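In what follows, chains carry the letters A, B, and so on, assigned in the order in which the sequence lines appear, proteins first and then strands, with residues in each chain numbered from 1. Source: prediction; values computed, not measured.
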Amino acid sequence: MKAISTETVKRALSAHAAIGLLASALLYIVCLTGALIVFDEEWQRIEQRGAPEMAAIAPEAVQAAIVNVLAGERGKPATTHLYVELPTAALPRTTITTDHGAVHVDAAGTIATPQESAWAGFLLALHDALTLPAALGMILVGVLGVMMIALSLTGLLAHPRIFRDAFRLRARSASGVALADWHNRLAVWTLPFGLAIALTGAVIGLGTPTAQGIAAYLGTDVGAVFEPIFGGESKPDARPAPVADMAAALRTMETRFPDTRPYFITFHDPQTAGQHIQIVAAHSHRLGYGDSYDFDAKGAYRGKAGLSDGTAGQQIASSNYWLHFGNFAGLPGKIAYFVFGIALSVVVATGTWIWLGKRRRRGVIEPRLSAAWHGVIWGTPFALLLTFAARMVVGNGAPFTAIFWIALGIAVAGCCAIMTSRLESRP
Amino acid sequence: MMWAGAGIAIVAILLLRFAWGRPRRSTRLNALGWALLALGIISSASDYGAWGVTVAGLMSTATALILLMIAAIRDRTEPKRPSERRANILPEDESLFLGRRALTFTLTIPVAATVALILSVAARALADMASWHPSNGTILALMLFPLIWAMLASSLLMAERLQSKGLVLLLPACVGGLILMVAGV
């Protein structure tokens with residue numbers, strides 16, 4: 001008895017093609033940029049080579065840096081939050097971000113230079129929101145994650161022999177066999193990775209609309225939906241107060257939680273009576289991004305969110321991010337994510353070529369559509385290279401979004417124009 | 001144990017490569033390959049939980065891709081011009097079926113998303129009824145929404161008749177709606 005009927009295989013193949021056609025161009029951009037943004041920290045170091053680097057920074061230096069940054073912003077509206085990125089192995093820099101900008105500081109806490117990582121920021125914005133406004137773009141990319149899951153499901157149903165032929169690769173065969181082999185083999189071996197990336201990405205992208213649905217059911221707001229997972233914010237108290245004792249909080253982390261590695265600080269409502277500190281610290285050999293440790297203005301420990309040892313839901317939520325970002329196993333893990341991400345991009349690219357080839361064999365020849373697809377496949381890395389060149393030549397202020405989309409548009413239009421002129425010159 | 005687990009998973013991939021490359025398939029070798037893979041993952045999980053499983057998974061995937069690259073390099077097929085053979089020729093005046101396609105798109109994207117959201121929120125309501133911690137119920141709903149939507153989209157695109165598509169959407173929507181009504185929404 002056959003496990004899957006021929007009719008089901010046909011329908012699954014048709015569904016697979018339909019979803020692929022609907023999503024492939026944007027999915028290709030998201031997969032390719034996803035593979036590149038795995039090296040976010042490395043790109044930042046390449047972009048701004050002169051920024052001060054350090055293996056670690058003393059708690060007192062962090063305190064001094066915060067005081068210096070806040071003093072430098074006197075006369076501007078008070079920042080509602082202040083973020084400190086602490087040095088890590090991948091990015092050995094200390095960076096402070098407020099509502100007014102971001103600066104690197106040196107190991108003594110002195111402001112060194114403004115942060116200039118606009119290209120890495122653009123790459124991230126292209127990956128997680130296709131450079132659209134975040135609220136809309138992240139949902140769209142989340143929908144692409146859903147389509148990726150559906151492509152995996154229909155792909156499995158459409159290829160009952162996919163595991164049996166898992167190592168059969170006729171790399172250079174003609175008649176579309178090689179394309180199909182590359183597509184199917186890379187897809188089957190990256191299936192666990194692809195499903196994990198698609199699901200975690202969809203959860204991130206569609207988190208807000210899902211939370212809005214839950215909030216409507218609970219009769220509350222979105223913030224209250226996430227509170228049991230990540231913890232809530234304290235009540236603000238706008239009365240002026242001296243800067244909170246960040247050094248004391250960091251020293252407490254060293255003595256009380258010596259096995260953790262603090263890497264990110266959120267300083268809420270600085271210089272107000274309601275100010276408080278959240279230190280995010282990583283735990284080694286854990287998939288989750290760590291835990292969030294809460295301190296009051298005097299630097300006294302108040303408790304943690306429980307993302308590392310709380311409920312299953314909290315631990316899963318915490319793991320969702322690093323499982324997607326690929327930064328839980330150092331540089332080897334990042335390299336694996338990059339290679340698998342490129343493999344996924346190849347799967348997306350070959351999928352549409354297979355569809356076009358099948359149409360050609362059935363007598364429907366679509367040279368302009370084929371040319372446009374070539375434009376997307378080769379135009380996307382070309383446009384990305386152009387933005388990187390602009391970063392190196394023009395600087396941090398180059399209009400990366402405009403350069404990328406215009407270059408990609410030109411690549412697609414150019415490929416179509418070349419094909420049209422070839423068709424017209426044929427006898 | 002962690003690295004032993006990852007090592008076992010790598011050996012499992014090598015064994016599967018050997019088993020699937022034989023002229024005749026051996027159920028025993030295949031079963032041994034899959035069993036070793038499961039053992040490697042369980043062993044990695046026992047020491048480092050989800051982190052161990054993920055690292056073992058990455059290492060076994062990397063091994064498979066290396067084997068695949070070897071297969072590609074060793075492939076001796078001569079590249080030649082694609083065949084000009086035509087099969088199952090489509091009619092020249094193939095209709096675009098724009099109306100049908102627009103309906104399929106509407107059902108697969110906005111309508112299926114709405115049904116998936118109803119079911120996910122219903123799952124959160126069920127979790128509340130079962131006295132789960134709110135964080136567990138919320139993460140369940142967050143994970144279910146894209147999964148259910150993907151399953152609905154696949155089912156809708158595989159269903160040929162409009163009635164079947166309607167059933168694919170109506171049944172889960174009714175179940176979800178019923179749960180939410182019981183939950184007092």
Side-chain angles (χ1 to χ4, degrees), chain A residues 8 11-12 14-15 18-19 142-143 145-147 149-150 153-154 164 166-176 185 189-190 192-193 199 202-203 206-207 209-210 213-214 217 225-226 228-229 285-287 310-314 316-317 319 323 328-329 333 336 339-340 343 361-364, chain B residues 16-17 20-21 48-52 54-55 57-58 61-62 64-65 67-68 71-72 75 77-83 85-90 92 94 104-105 109 117 120-121 124-125 133-143 145-147 149-151 153-154 157-158 160 180 183 185:
Chain A
T8 307
R11 287 186 198 173
S14 158
I19 302 166
V143 175
V146 172
M147 295 300 120
I149 300 170
L153 293 176
T154 51
R164 195 180 159 85
F167 288 110
R168 196 167 180 226
L169 182 54
R170 291 155 293 182
R172 285 173 284 274
S173 286
S175 307
R185 302 308 163 254
W189 284 115
T190 53
F193 170 78
L199 180 60
V203 167
L206 299 173
T210 316
I214 297 171
Y217 148 67
V225 172
F226 287 118
I229 298 176
H285 299 113
R286 292 296 299 270
L287 198 55
T311 64
Q314 286 179 295
I316 292 169
S319 302
L323 183 57
F328 53 86
V339 172
F340 302 163
R361 286 191 291 281
R362 296 184 74 184
V364 184
Chain B
L16 283 173
R17 170 74 187 96
W20 291 345
Y48 288 109
W51 187 85
T54 312
V55 171
L58 287 181
T61 304
L65 286 185
L67 292 172
L68 210 52
D75 177 41
T77 317
E78 286 294 318
K80 57 183 179 186
R81 277 184 65 81
S83 159
R85 186 178 67 88
R86 298 282 178 263
N88 303 318
I89 300 292
L90 291 167
E92 274 188 23
E94 187 192 20
T104 304
F105 178 84
I109 304 295
L117 188 58
S120 311
V121 177
R124 165 70 210 252
H133 189 276
S135 61
N136 293 338
T138 297
I139 200 69
L140 176 73
L142 287 168
M143 292 272 172
F145 178 43
L147 281 175
W149 187 0
M151 284 193 269
S154 304
L157 289 168
M158 286 175 66
E160 284 197 328
L180 288 174
V185 176

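In this structure, chain B has heavy atoms under 4.5 Å from both the backbone and the side chain of A:Ile214. The contact between B:Ile109 and chain A is made entirely by side chain atoms (from C-beta outward), counting heavy-atom distances below 4.5 Å. Heavy atoms of A:Thr311 lying under 4.5 Å from chain B belong to its backbone as well as its side chain. The contact between A:Arg286 and chain B is made entirely by backbone atoms, counting heavy-atom distances below 4.5 Å. Both the backbone and the side chain of B:Leu142 come within less than 4.5 Å of a heavy atom of chain A. With a 4.5 angstrom heavy-atom cutoff, B:Leu68 touches chain A via backbone and side-chain atoms both.
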- Task: With side chain to side chain contact (heavy atoms under 4.5 Å, CB included) as the test, would you mind laying out the steps for B:Arg124 and B:Thr138 before giving the verdict?
- Result: CA-CA 6 Å; B:Arg124 165 70 210 252; B:Thr138 297; 2.6 Å; yes
- Item | Worked check of side chain to side chain contact (heavy atoms under 4.5 Å, CB included) between A:Val143 and B:Trp149 | CA-CA 9 Å; A:Val143 175; B:Trp149 187 0; 3.6 Å; yes
- Task: Run the numbers on B:Thr61 and B:Leu58 for side chain to side chain contact (heavy atoms under 4.5 Å, CB included), then give the verdict.
- Result: CA-CA 5 Å; B:Thr61 304; B:Leu58 287 181; 5.8 Å; no
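Most heavy-atom pairs under 4.5 Å with chain A: of the set B:Met143, B:Met151, B:Arg17, this distinction falls to B:Arg17. Each of A:Leu199, A:Thr190, A:Thr154 has some count of heavy-atom pairs under 4.5 Å with chain B, and the biggest count is that of A:Leu199. Heavy-atom pairs under 4.5 Å with chain A were tallied for B:Ala153, B:Ala50, B:Ala125; the largest tally goes to B:Ala125.
Note: A:Trp189 and A:Phe167 have tilted aromatic rings, judged against thresholds of 30 and 60 degrees for the angle between ring planes.
In this structure, B:Met158 and A:Ser14 have side chains that are not in contact, with every pair of non-hydrogen atoms separated by 4.5 Å or more. Using a 4.5 Å cut-off on side-chain heavy atoms (C-beta onward), B:Thr54 and A:Phe328 make contact.
The two residues A:Pro228 and B:Ser135 make their nearest non-hydrogen contact at O-CB, 3.6 Å.
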